[in-house]
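Okay, structure first, notes after.
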Number of protein chains: 2
Amino acid sequence: MVSQVRRFNRIVTQRVGALEDRFLARDHSLGEARMLWEIGPEGRDVRSLRTGLGLDSGYVSRLLRSLEAARLVTVGASDTDKRIRNVRLTAAGSVERAVLDDRAERRAESLLAPLTPVQRVRLVAAMADVERLMTAAMVEMAPIDPSDPRAQYCLRSYIRELNLRFESGWDPSRSISAAEAELRPPSGIFLLASLHGNPIGCGAIKFHGEEPAEIKRMWVSDSARGLGIGRRLLNDLEAQGAAHGTSTFRLETNRALQEAINLYRSSGYVEVAPFNDEPYAHHWFEKRIAGPAK
Amino acid sequence: MVSQVRRFNRIVTQRVGALEDRFLARDHSLGEARMLWEIGPEGRDVRSLRTGLGLDSGYVSRLLRSLEAARLVTVGASDTDKRIRNVRLTAAGSVERAVLDDRAERRAESLLAPLTPVQRVRLVAAMADVERLMTAAMVEMAPIDPSDPRAQYCLRSYIRELNLRFESGWDPSRSISAAEAELRPPSGIFLLASLHGNPIGCGAIKFHGEEPAEIKRMWVSDSARGLGIGRRLLNDLEAQGAAHGTSTFRLETNRALQEAINLYRSSGYVEVAPFNDEPYAHHWFEKRIAGPAK
DNA sequence: GAATTTCTCTGACTATAGTCAGAGAATGGA
DNA sequence: TCCATTCTCTGACTATAGTCAGAGAAATTC
């Protein structure tokens, strides 16, 4: 498997890497072209360019001066905070960006051009698979404090979604509690899934001493469905729980969340009699896992 | 389709491009690392390094001096031609190369690591597809003179293969002629398929004035089977023939070449009564194509 | 045997893509 | 109000990855 990955890397850097970057730039240096691209039609502030491209502030500044000298962008102070500077494309800058875009388009076409129609369809399908799975591989999971803004964002999204999907809406106060303090060590664990630093999913454990631990707040962003994030969150939560000495997990869920129910079933959760009086639940699940490795 | 290709390019350069190159080098510059890699355990002459990596001779020379200074390679004159210099890895150089190899291996593993087993299998399969089809897309087809060494290589390979696969072997002199002069404009056309400059397939046309043209010498290297090269050669030959005013093509083939027979059938060739007395043929095919575009 | 070509090397340059250390202006918190 | 912090900018540097023009030695061609 690994050797296939390496062969893939070789071929793809030959064809995509070499062409994509260098070829697109041409009239500008690669750095300028990337910057022009990243600024986008709406304009952007310098700070977000810096973090977005991962460049040194001095370097970004210099690139902007050179784009400014070429009359491709204008840089002005932001209205709200005069330390922050805002970059916008000039008319010429927009044209230039369109040219870059057009080149990328042609590059992509030229990659498909030599193939037969059947091969094209197969290649594009395989590319979609690779893209999806590589994106999945870039998702990072890490425990964070439930008061962290990223955790809060996930929890708000979770509430919004449940409220939308449950037939009767969802009122967290009528439901069994999962307050911040309950999801923070040592009472619990809050796990965040993020892609490029942006939160895209979460899951939590609420420990009950010797009693089975509860899985709570499992949520995956719409934009990240189908990447297996839910399964990985569940796996990681179980592993964390196991490290904490827990060998039995419980959870309850609403019949509206069919994909979650499928996930639990296929992850080894077995439906059991109701073990609590959660008003929004239709299904109660339990799973025993092997104890922590010797 | 094109937008999928572009999304693929973006993701893949992010993940493969950025990591692969820079990450591997570490102790050396990227140029040195690439060179170390390309030299290989067997050693190589400077010339092939230069063409293989596509670098300026001065630059290659400088890189070699720096590797030599680090005692990773030795450079000595070739036995047969004292202008040519031979590069070999020292013991330390081999160790260093193994370290690079190991890093590439780990990189590849780390790409798979976050995925579930099912996802890994899917990703690797999709990568194999992409690799195969991108390789196919890199194959170039161009008419060349049949006396060109690359054409000669293909023709020799063709003869060897037919001799091997025909039940009774193959003696070109008993077969209908397809001499160099017959496959060269204006009498004919010889089309070469090459990958990275190396010949991997060929096909030819022998014109007969107003009479149907003959397709001859269709061959694809073992190493390039399954890439659709045969079909593209045939397509291109027909297009060339059409541009030359030919609208009917004929060919005959031996029953041992089943994959070729399938190719002809699925490309619109219809089996017809024998139109010549080729002693090695079991099937005769014909195809009429639309005239050249208005 | 002379002229030409091939192969590698050196020296002198260049552009790109940075990094690092401050400085100055604006903002936010105590 | 003052102090620390944030944000951007400039100046001074560096490493990498080249390019280009020739020179010298060996081989090939005429």
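These numbers come from a predicted model, not from an experiment. Below, all heavy atoms of this structure are taken into account, side chains as well, without hydrogens, waters or symmetry copies.
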Please say whether more than 12 non-hydrogen atoms of neighbouring residues, nucleotides or ligands are located less than 6.0 Å from CZ in B/Arg47.
no
Residue A/Glu140 excluded, over 12 heavy atoms near CD under 6.0 Å
no
Between C/dT8 atom C1' and B/Tyr59 atom OH, what is the distance in whole Å?
17 Å
Is it the case that over 12 heavy atoms from other parts of the model lie below 6.0 angstrom from the CZ atom of A/Arg65?
yes
List for me each residue that meets side chain to side chain donor-acceptor pair (under 3.5 Å) alongside B/Thr90, sequence neighbours excluded, and say none if there are none.
none
Is the closest side-chain donor-acceptor distance between B/Ser177 and B/Glu182 under 3.5 Å?
yes
Could you check which residues of residues 37-51 of chain B get a heavy atom under 4.0 Å from DNA chain C? Sort them by number, please.
B/Val46, B/Arg47, B/Arg50
Treating primed atoms plus P, OP1 and OP2 as sugar-phosphate and everything else as base, which nucleotides of nucleotides 25-30 of chain D get B, S or - for protein heavy atoms under 4.0 Å?
-BS---
Taking the side chain as everything from C-beta on, heavy atoms only, tell me whether A/Arg156 gets closer than 4.5 Å to A/Ile159.
no
Does the side chain to side chain contact (heavy atoms under 4.5 Å, CB included) test come out yes or no for A/Val60 and A/Leu53, once each step is laid out?
CA-CA 9 Å; A/Val60 167; A/Leu53 292 166; 5.9 Å; no
Starting at the 5' end of DNA chain C and moving along, which residue's nearest nucleotide shows up first, B/Asn86 or A/Arg34?
B/Asn86
Does B/Ser29 place a side-chain N or O at less than 4.0 Å from the phosphate oxygens OP1/OP2 of D/dA17?
yes
A/Asn163: which residues meet the side chain to side chain donor-acceptor pair (under 3.5 Å) condition with it, sequence neighbours left out?
none
Nucleotide C/dC9, atom P - distance to CG of B/Leu55 in whole Å:
14 Å
For residues A/Glu32 and A/Ser66, is any side-chain donor paired with an opposing acceptor at under 3.5 Å?
yes
Return yes if the base of D/dC9 and the side-chain atoms of A/Ser57 contain a donor-acceptor N/O pair under 3.5 Å, otherwise no.
yes
Relative to the 5' end of DNA chain C, which residue comes earlier, A/Gly58 or A/Gly31, by the nucleotide with the nearest heavy atom?
A/Gly31
For DNA chain D, which residues of residues 60-68 of chain B approach it to below 4.0 angstrom with any heavy atom?
B/Arg62
Around atom CD of A/Glu109, are there more than 12 heavy atoms of other residues, nucleotides or ligands at under 6.0 Å?
yes
According to salt bridge (charged side-chain N to carboxylate O under 4.0 Å, His left out), who are the partners of B/Asp222, at least two apart in sequence or on a separate chain?
B/Arg225
C/dA25 C1' sits how many Å from A/Ile84 CD1, rounded?
13 Å
Taking CG from B/Asp56 and P from D/dG22, how many angstroms apart are they, rounded to a whole number?
15 Å
Check whether any side-chain nitrogen or oxygen of B/Arg85 sits under 4.0 Å from OP1 or OP2 of C/dT6, and answer yes or no.
no
